[in-house]
Trainee: 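Take this structure first; my questions come after.
All heavy atoms count here, side chains included; hydrogens, waters and symmetry mates do not.
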Amino acid sequence: MPTDCISYQNSGYFSTLMNDYLDQKTNLRSLYNRFPSLENFEGQILEKQKSFNDSKRNVLVSVLKQHYSNISISDLTKQNIQDLSNENTFTVTTGHQLNLFSGPLYFLYKIISTINLAKELKAKYPDYNFVPIYWMATEDHDFEEINYFNFKGRKFRWNKESFGPVGRLSTEGLADIFEIYSRDLSSGKNADTIKRLFQESYLNHSNLADATRHLANVLFGEYGLVILDANNQELKRAFIPYMKEELACQTSNKMVLETTEKLKKYAIQVNPREINLFYLDDNLRERIILDTNSNREKKYTINNTKIEFSESEILELLETHPEKFSPNVIMRPLYQEVILPNLCYIGGGGEIAYWLELKSFFEAVKVPFPILLLRNSALLVTLKQSVKADKLGLSWSDLFSKQNVLVNTKTKQLSEFPIDFSVQKEFLRKQFVTLYEIARKTDKSFIGAVKAQETKQIKGLENLEKRLLKAQKRKHSDELERIIDLQNELFPNHSLQERQANFSEFYLENGANLIPIIIKLLNPLQTNFDIILVT
């Protein structure tokens with residue numbers, strides 16, 4: 001098995017912003033609180049402890065007990081929920097959409113990163129308790145992002161109309177997908193387990209939030225994972241002062257716009273709106289828009305509807321029915337940190353990028369900003385694929401490279417002679433140095449002609465180089481095809497495996513050992529791609 005290690009920064013799959021964050025570049029230092037290291041959590045614990053009161057803990061525990069009242073849970077999860085009542089207990093949180101049947105593999109990696117970090121923190125700080133939290137994004141309404149999963153290159157899509165928050169979406173119609181999917185799974189103990197998990201999650205629960213909670217609890221309950229659906233009236237009641245501030249003063253818009261100025265050299269992940277809240281109902285989640293009429297009276301309208309409120313009316317609604325308000329991508333992180341005794345948020349590169357826009361906003365509303373940790377990434381490799389890579393002389397660095405780069409590099413390595421005319425081009429340039437000297441001494445108008453001839457001849461050598469490379473590709477086509485096939489297996493659709501494949505593809509071969517293997521090998525504070533050998 002290839003033994004080289006690929007850092008996130010050298011993988012080619014992370015943005016410049018993420019690479020600079022991981023490298024702790026000084027220009028980003030003001031955008032985060034503490035960099036993720038075990039030592040830095042001590043200060044984070046003390047800061048959060050001062051700002052989080054018993055009242056919030058009691059509400060949180062009460063809501064979680066309601067959510068788990070009809071669910072069979074592990075003793076560790078039950079203990080973690082109870083521990084949240086105590087001032088020495090803190091959370092480590094990841095969030096994810098309600099993707100159908102978990103969606104791509106990185107759903108697992110996010111949660112495993114969270115579970116493993118909680119374990120590491122307990123070992124480092126034994127006087128405190130640390131609870132891994134999976135925040136279900138039940139209030140999202142972009143159904144097209146979550147209504148499918150891939151299995152062995154085939155896409156299983158849930159064709160259904162969806163309005164409003166996806167957590168409330170009925171699971172009606174998923175029996176048809178199960179019927180088709182189960183045929184692809186064939187038979188066997190592991191296949192039967194997957195079928196049963198799909199049935200119990202999606203066919204035995206009436207909405208997508210309950211289905212996802214069941215799925216995550218079955219997969220990770222034994223590790224003490226606590227699953228939170230924050231679309232709850234009591235939890236949102238604690239968030240009323242911050243939503244009131246948003247409606248009246250639009251603080252988030254002002255502060256985030258200032259921060260994005262500091263990030264203008266990078267691709268901005270999200271842009272704030274004037275008001276970063278939605279109006280929420282069973283079949284509706286639409287933006288709240290501030291409209292000021294000629295008398296300078298504030299009016300609030302709900303996008304794509306005829307619903308409107310005066311300032312006093314919307315603030316009254318907020319006080320009586322906070323569940324009618326839903327934070328968007330800018331406000332959701334604040335909501336999380338207000339209702340949880342949280343120390344760290346674990347997310348993908350895109351998520352960490354938008355969190356970096358928010359620190360000044362958190363400071364303005366006086367809420368501690370969490371440590372931001374990039375989730376683990378991994379590549380699951382079978383023994384057969386590993387042996388094939390060895391036989392083909394491929395390193396992991398080779399396999400992570402873009403396919404055209406990989407093919408060109410391996411063609412040059414396989415060739416019996418150099419496919420590189422750098423020496424010839426350098427020799428040619430030296431000959432033209434003499435010609436330039438002659439031109440300058442005789443007729444300067446001749447310099448242009450010399451330059452044109454140099455360019456022509458260098459171009460000619462480059463064309464010969466390309467033709468020779470093409471010829472060598474034909475000669476070594478069999479071996480190159482095996483290299484391409486292997487890379488396509490490991491990087492489907494020229495993308496990271498974790499963004500394409502579903503966990504069930506690997507569960508078929510590895511069964512109940514799959515998650516323990518990954519948990520054992522992933523290190524949440526390590527910034528390297530983990531190559532994990534599976535069956």
Trainee: With a 4.5 Å limit on heavy-atom distance, are the side chains of L525 and L117 in contact?
Mentor: yes
Trainee: Within this structure, what is the CG-CG distance for the pair D398 and L486, rounded to the nearest 0.5 Å?
Mentor: 10.5 Å
Trainee: So F529 and S7, do their side chains get closer than 4.5 Å, heavy atoms only?
Mentor: no
Trainee: How many angstroms lie between atom CG of L225 and atom CD1 of I133, to the nearest 0.5 angstrom?
Mentor: 7.5 Å
Trainee: Check this for me, if you would: do K391 and E479 make a salt bridge, where the nitrogen-to-carboxylate-oxygen distance has to be below 4.0 angstrom?
Mentor: no
Trainee: Salt bridge check: are R375 and E498 linked by an N-O gap of less than 4.0 Å?
Mentor: yes
Trainee: Do the numbers put K155 on top of the ring of Y148, so that NZ or CZ is under 6.0 Å from the six-membered ring centre and no more than 45° off the axis?
Mentor: yes
Trainee: In terms of side-chain geometry, is the basic nitrogen of D184 or K152 positioned less than 4.0 Å from the acidic oxygen of its partner?
Mentor: no
Trainee: Output yes when R332 and E139 qualify as a salt bridge under the 4.0 Å nitrogen-oxygen rule, no when they do not.
Mentor: no
Trainee: Take Y266 and T16 through the test side-chain contact (heavy atoms from CB on, under 4.5 Å) and record every step on the way to the result.
Mentor: CA-CA 7 Å; Y266 304 102; T16 303; 3.9 Å; yes
Trainee: With heavy-atom distances below 4.5 Å as the criterion, would you say the side chains of K119 and I519 are in contact?
Mentor: yes
Trainee: If you count the non-hydrogen atoms of other residues, nucleotides and ligands that lie under 6.0 Å from CD in E161, is the total more than 12?
Mentor: no
Trainee: Quick one: do the N488 and Q403 side chains pair a donor with an acceptor below 3.5 Å?
Mentor: yes
Trainee: Just by distance, do the side chain of T260 and the backbone of L263 share a donor-acceptor pair under 3.5 Å?
Mentor: no
Trainee: Using only atom types and a distance under 3.5 Å, with no angle test, would you say the side chain of K110 pairs donor to acceptor with the backbone of G347?
Mentor: no
Trainee: Would you indicate whether Y125, at its atom OH, is surrounded by more than 12 heavy atoms from other residues, nucleotides or ligands within a distance under 6.0 Å?
Mentor: yes
Trainee: Is there a side-chain contact between Y354 and V256, using heavy atoms and a 4.5 Å cut-off?
Mentor: no
Trainee: Quick one: does T382's side chain get under 4.5 Å of T535's, heavy atoms only?
Mentor: no
Trainee: Please tell me whether Y134 and T93 have a donor and an acceptor in their side chains that are separated by less than 3.5 angstrom.
Mentor: no
Trainee: With the side chain counted from C-beta on, respond yes when L533 and L380 share a heavy-atom pair under 4.5 Å apart, and no when they do not.
Mentor: no
Trainee: Look only at the side chain of K160 and the backbone of L169, and say whether a donor-acceptor pair between them is shorter than 3.5 Å.
Mentor: no
Trainee: Decide whether S37 and N40 meet the rule of one side-chain donor and one side-chain acceptor closer than 3.5 Å.
Mentor: yes
Trainee: Please give me the minimum heavy-atom distance between P272 and N253, naming the atom from each residue.
Mentor: O-ND2, 3.8 Å
Trainee: Would you say the side-chain atoms of N276 pair up with the backbone N or O of R273, donor to acceptor, closer than 3.5 Å?
Mentor: yes
Trainee: Kindly say whether the aromatic ring centers of Y106 and H96 come within a distance under 6.0 Å.
Mentor: yes
Trainee: Could you tell me if the ring centre of F41 sits under 6.0 Å from that of F130?
Mentor: no
Trainee: Any ion pair linking K264 and E261 (charged N to carboxylate O, less than 4.0 Å)?
Mentor: yes
Trainee: For the ring-ring contact (aromatic ring centres under 6.0 Å, His included) test, which of F35, F14, Y8 pairs with Y21?
Mentor: F35
Trainee: Distance only, no hydrogens: is a donor on one side chain within 3.5 Å (strictly under) of an acceptor on the other, for N342 and E337?
Mentor: yes
Trainee: Could you give the distance from CZ (F503) to CD1 (I515), rounded to the nearest 0.5 Å?
Mentor: 7.0 Å
Trainee: If a pair satisfies salt bridge (charged side-chain N to carboxylate O under 4.0 Å, His left out) and one of its residues is in residues 15-32, list it, with sequence neighbours excluded.
Mentor: D20-K25
Trainee: Is any side-chain N of the basic residue among E481 and K473 closer than 4.0 Å to the acidic one's carboxylate O?
Mentor: no
Trainee: Using a strict cut-off of less than 4.0 Å between a Lys/Arg side-chain nitrogen and an Asp/Glu carboxylate oxygen, indicate whether K388 and E489 qualify as a salt bridge.
Mentor: yes
Trainee: For residues 423-433, which side-chain N or O atoms pair as donor and acceptor with protein atoms under 3.5 Å away, sequence neighbours left out?
Mentor:
unit_1: K425; atom_1: NZ; unit_2: E465; atom_2: OE1; d: 3.4
unit_1: Q431; atom_1: NE2; unit_2: F427; atom_2: O; d: 3.4

Trainee: For the residue pair K475 and Q472, confirm or rule out a side-chain donor-acceptor distance under 3.5 Å.
Mentor: no
Trainee: Please round to the nearest 0.5 Å and tell me the distance separating atom CG of L490 and atom CG of L496.
Mentor: 11.5 Å
Trainee: Looking at E120 and K124, does any basic side-chain N land under 4.0 Å from a carboxylate oxygen?
Mentor: no
Trainee: Can you tell me if N328 uses its side chain to pair, donor with acceptor, with the backbone of I330 under 3.5 Å?
Mentor: yes
Trainee: Could you tell me if the ring centre of Y202 sits under 6.0 Å from that of W158?
Mentor: no
Trainee: Distance check, rounded to the nearest 0.5 Å: T138 atom OG1 versus Q97 atom CD?
Mentor: 12.0 Å
Trainee: Would you say the side-chain atoms of S415 pair up with the backbone N or O of K412, donor to acceptor, closer than 3.5 Å?
Mentor: no
Trainee: Any cation-pi pair here, K402 with Y13, using under 6.0 Å and within 45°?
Mentor: yes
Trainee: Are side-chain heavy atoms of I531 and W396 found at a separation under 4.5 Å?
Mentor: yes
Trainee: Report yes or no: does N502 contribute a side-chain atom to a donor-acceptor pair with the main-chain N or O of F101 at less than 3.5 Å?
Mentor: yes
Trainee: Assess whether salt bridge (charged side-chain N to carboxylate O under 4.0 Å, His left out) is satisfied between E462 and K466, documenting all intermediate values.
Mentor: CA-CA 6 Å; E462 289 173 349; K466 290 176 183 176; 5.9 Å; no
Trainee: Quick one: do N99 and E145 satisfy side-chain hydrogen bond (donor to acceptor under 3.5 Å, both in side chains)? Show the steps, please.
Mentor: CA-CA 8 Å; N99 292 74; E145 289 187 0; over 6 Å; no
Trainee: In Å, rounded to the nearest 0.5 Å, how long is the span from CG of N513 to CD1 of I518?
Mentor: 11.0 Å
Trainee: Can you confirm whether P104 sits close enough to Q500 that some side-chain heavy atom of one is under 4.5 Å from a side-chain heavy atom of the other?
Mentor: no
